[in-house]
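Contents: one structure, followed by commentary.
Keep in mind that this is a model prediction, so the values were computed, not measured. Numbered from 1 within each chain, the chains take letters A, B, ... in sequence-line order.
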Amino acid sequence: MLDPRLFRSELELVQQQLKRRGIDFDAETYLGLENRRKDIQVKTQELQNERNTRSKAIGQAKGKGEDIQPLLDQVQDLGDQLKSAEAELGEIQARLNNIMEGVPNMLDAAVPAGKSDADNLEISRWGDLPQFSFTPKDHVDLGEPLGMNFELGAKIASARFVVLAGKLATLQRAIIQLMLDTHTNEHGYQETYVPFLVNADSLRGTGQLPKFEADLFTVKNDPAFYLIPTAEVPVTNIVRDVIVDAKHMPLKYVCHSPCFRSEAGAYGSDVRGMIRQHQFEKVELVQIVKPEQSAQAHEDLTNHAETILKKLKLPYRKVLLCAGDTGFSSSKTYDLEVWLPGQQKYREISSCSNFKDFQARRLQARWRNPETGKPELVHTLNGSGLAAGRTLIAVMENYQNADGTITVPEVLRQYMGGLDRID
RNA sequence: GGAGAGAUGGCCGAGAGGCCGAAGGCGCUCCCCUGCUAAGGGAGUAUGUGCCAAAAGCGCAUCGAGGGUUCGAAUCCCUCUCUCUCCGCCA
């Protein structure tokens, strides 16, 4: 959520910013509501003040043993007035809040203009594309003989699920281990284990609700649970309604979790293979930082994710998402795209975002600034470090051999009992 | 699943319809004093929010959450959530 005061004092700026995302903000409706809000809030608070003052007087009169009946008569109709004012105020605030919750974050100045991923800005490339003396297969063709079974996933659950057997399953676990070990031992993150079902408050805090409910799986319960679409949700919510001690910052968490996405609206895209599943494994990096540190933290966090690709010697490129492709809650996002020989394409394997105070405001996640002594909003960041399912695909495709076997990358062998080849 | 107890500020804890945004203690910050020194004294110390460009100031809201009773609710009533204890079941 953006700062409501920004809407009040700098509406044009907000409108301009939203235009970068291709959003036409309805200022007229907003202003109408906001003006009414101001009137009614002032009126309501005046009435409350009057009630409080008079009630206090009644109490004092009673204490002195005076006749309070005349005082009671005076406040008779106050209650009704207050009730209707409060009701109206509540309704207007709910409507304003609705509008505000639907407004995406302001983009960082560095974010390039553009409408779709075609307009994203390539920042760098790393690694040499592998040269094959044969036509490289994609992970589906490679995987099926090795224990990657989509039919079984469909039988057990539905399309967009997979069963991994044997060494492929182990390979994915090794990948996860490598990521966790690297981020905890080399990058200073604290490993975290969290609930994979969360409540609506948590999803509101990180921005998935109310706007993106269709992307989530819901679990019948009262109140409902949601399957996490990313560990970002439970992990970032660690600091919801918390005032973090400045001494403990930055907070850096790494968390491996399954992720569940309904992929509503993704019908027909990436239907083949493990690229887009309802359930996949991911190692997530989350940082809670002081505002002045978030830009640097964003670079660092992205580098931390890149480290994994480098350790695995997987060629990738780093792109800065353009205005139209940057997510709702993010102010600036780098995507890391890994080379997939089977598709002859770079595909997203990590998305690293600086949310600045957008999530923090929804979360009421703050820190106490020693200079002012006051609680101030923190900045939150997160990024995949990396998506494990897609990393598995990338390893398979980049390390494939002519005979359909897969060489195990050196850094992973320690996690696989020294195994150097999957066949 | 059954039975019971509880939820108050950073922490502990009082509070039983008005003088309570809340005693007292601990902790923390600042100041003072001091060679009876791992001591003493004093002051300060919740959050959100409205009016305001902002500060100051003046309000409003918040005692687990939501609703109700009342002129007035931390306090009474209802619903829910969470925590703890015991029993049952169980990875």
Side-chain angles (χ1 to χ4, degrees), chain A residues 1-14 30-31 33-97 100-101 193-205 219-226 234 237-249 258 357 359-378:
Chain A
M1 195 152 71
L2 297 176
D3 189 347
R5 274 168 290 207
L6 201 64
F7 278 83
R8 289 178 210 153
S9 58
E10 314 248 15
L11 188 56
E12 276 183 31
L13 177 80
V14 174
Y30 164 78
L31 278 174
L33 280 170
E34 171 56 20
N35 287 331
R36 276 176 66 202
R37 190 224 99 228
K38 193 190 279 194
D39 286 350
I40 290 161
Q41 184 157 359
V42 169
K43 185 176 140 204
T44 305
Q45 293 187 353
E46 277 170 1
L47 285 169
Q48 285 169 328
N49 186 12
E50 192 178 337
R51 178 204 57 198
N52 293 346
T53 312
R54 288 180 185 263
S55 292
K56 202 163 266 184
I58 291 172
Q60 283 165 355
K62 208 175 172 184
K64 290 184 210 150
E66 294 168 7
D67 179 17
I68 58 168
Q69 194 53 47
L71 292 170
L72 286 178
D73 292 342
Q74 283 175 20
V75 291
Q76 229 174 17
D77 54 340
L78 203 61
D80 289 341
Q81 284 182 49
L82 227 186
K83 214 167 231 176
S84 73
E86 279 173 346
E88 195 179 353
L89 180 62
E91 194 230 338
I92 288 171
Q93 277 178 329
R95 283 170 65 187
L96 272 173
N97 199 44
M100 308 287 263
E101 279 195 329
Y193 175 79
V194 293
F196 302 151
L197 300 182
V198 297
N199 58 35
D201 281 344
S202 293
L203 288 156
R204 236 188 309 278
V219 176
K220 269 189 195 156
N221 187 63
D222 190 23
F225 284 131
Y226 298 84
N237 270 276
I238 289 172
V239 293
R240 169 150 56 90
D241 294 323
V242 170
I243 299 174
V244 181
D245 195 325
K247 295 199 282 268
H248 298 142
M249 296 174 84
D357 63 9
Q359 290 182 326
R361 186 169 294 104
R362 292 172 164 234
L363 292 161
Q364 281 303 300
R366 292 161 296 165
W367 67 298
R368 197 174 293 278
N369 186 343
E371 284 174 27
T372 61
K374 297 277 181 210
E376 296 173 13
L377 295 172
V378 300

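- Here B:rG72 sits opposite no nucleotide as a Watson-Crick or G-U wobble pair (both hydrogen-bonding atom distances under 3.5 Å).
- One finds no side-chain N or O of A:Arg5 lying less than 4.0 angstrom from the OP1 or OP2 phosphate oxygen of B:rG48.
- A:Asp201 and A:Arg204 are joined by a salt bridge, as a carboxylate oxygen and a charged side-chain nitrogen come within less than 4.0 angstrom of each other.
- Taking side-chain N and O atoms only, A:Arg8 has a distance below 4.0 Å to OP1 or OP2 of B:rG50.
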If you restrict it to nitrogen or oxygen atoms, what contacts under 3.5 Å exist between nucleotides 45-47 of chain B and the protein, and what is each distance?
from   : atom 1 : to       : atom 2 : distance (Å)
B:rU47 : OP1    : A:Arg368 : NH1    : 2.9
B:rU47 : OP1    : A:Arg368 : NH2    : 3.3
B:rU47 : O3'    : A:Arg366 : NH1    : 2.6

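- Salt-bridge check for A:Lys43 with A:Glu46: failed, with every basic side-chain N at 4.0 Å or more from each acidic carboxylate O.
- Summarising the geometry, atom CZ belonging to A:Arg368 is positioned 12.5 Å from atom CE belonging to A:Met249; distances are rounded to the nearest 0.5 Å.
- Between B:rG50 and A:Lys43, no contact under 4.0 Å exists linking OP1 or OP2 to a side-chain N or O.
- Taking atom P on both B:rG41 and B:rC26, the two are 10 Å apart, rounded to the nearest angstrom.
- Pair check for B:rG88 finds none; no Watson-Crick or G-U wobble contact set falls under 3.5 Å.
- Within a 6.0 Å radius of CD in A:Gln69, more than 12 heavy atoms belonging to other residues, nucleotides or ligands are found.
- Of all nucleotides present, only B:rU62 satisfies the Watson-Crick or G-U wobble test against B:rA46, with each distance under 3.5 Å.
- Taking atom CD on A:Gln41 and atom C1' on B:rC60, their separation rounds to 8 Å, with Å as the unit.
- In this structure, A:Lys62 reaches the bases: a heavy-atom distance under 4.0 Å links it to at least one base atom across the strands shown.
- Around CZ of A:Arg37, the count of heavy atoms belonging to other residues, nucleotides or ligands within 6.0 Å exceeds 12.
- Comparing the C1' positions of B:rG6 and B:rC12 gives a spacing of 15 Å, expressed to the nearest Å.
- Taking a pair to require two hydrogen-bonding distances under 3.5 Å in either a Watson-Crick or a G-U wobble arrangement, B:rG40 pairs with B:rC32.
- For B:rG17, there is no paired nucleotide, since no Watson-Crick or G-U wobble pair has both relevant distances below 3.5 Å.
- A:Asn199 places its CG atom 11 Å from the C1' atom of B:rU81, with the value rounded to the nearest Å.
- For B:rC60, the OP1/OP2 oxygens have a side-chain nitrogen or oxygen of A:Asn49 closer than 4.0 Å.
- Using atom P as the reference point in both B:rC89 and B:rG1, the two lie 15 Å apart (nearest Å).
- Under the 3.5 Å distance criterion, the side-chain polar atoms of A:Arg51 are left unmatched by any main-chain donor or acceptor of A:Gly79.
- Using a 3.5 Å distance cut-off with no hydrogens or angles, the side chains of A:Asn52 and A:Gln48 do not pair a donor with an acceptor.
- For A:Asn52 and B:rC60, the shortest distance from a side-chain N or O to OP1 or OP2 is below 4.0 Å.
- Atoms CG (A:Leu82) and P (B:rA73) sit 11 Å apart, rounded to a whole Å.
- Rounded to whole Å, the separation between the C1' atoms of B:rC11 and B:rA16 comes to 25 Å.
- Between B:rC77 and B:rG40, the distance separating the two P atoms is 44 Å to the nearest Å.
- Here the CZ-CG distance, from A:Phe225 to A:Leu203, works out to 12.0 Å after rounding to the nearest 0.5 Å.
- Judged by distance alone, the side chains of A:Ser202 and A:Asn199 do bring a donor and an acceptor atom under 3.5 Å apart.
- Pairing of B:rC51, defined by two Watson-Crick or G-U wobble distances under 3.5 Å, is identified with B:rG57.
- B:rA43 sits 39 Å from B:rC84 when the C1' atoms are compared, rounded to a whole Å.
- B:rG6: Watson-Crick or G-U partner is B:rC82, with both key distances under 3.5 Å.
- Between the CG atom of A:Leu47 and the C1' atom of B:rG50 there is a distance of 14 Å, given to the nearest Å.
- The base-pairing partner of B:rC11, taking Watson-Crick or G-U wobble contacts with both distances under 3.5 Å, is B:rG25.
- Across B:rG44 and B:rA7, the matching P atoms stand 29 Å from one another, rounded to whole Å.
- Per the geometry, CZ belonging to A:Arg37 stands 6 Å off P belonging to B:rG50, to the nearest Å.
- Across B:rC52 and B:rC58, the matching C1' atoms stand 11 Å from one another, rounded to whole Å.
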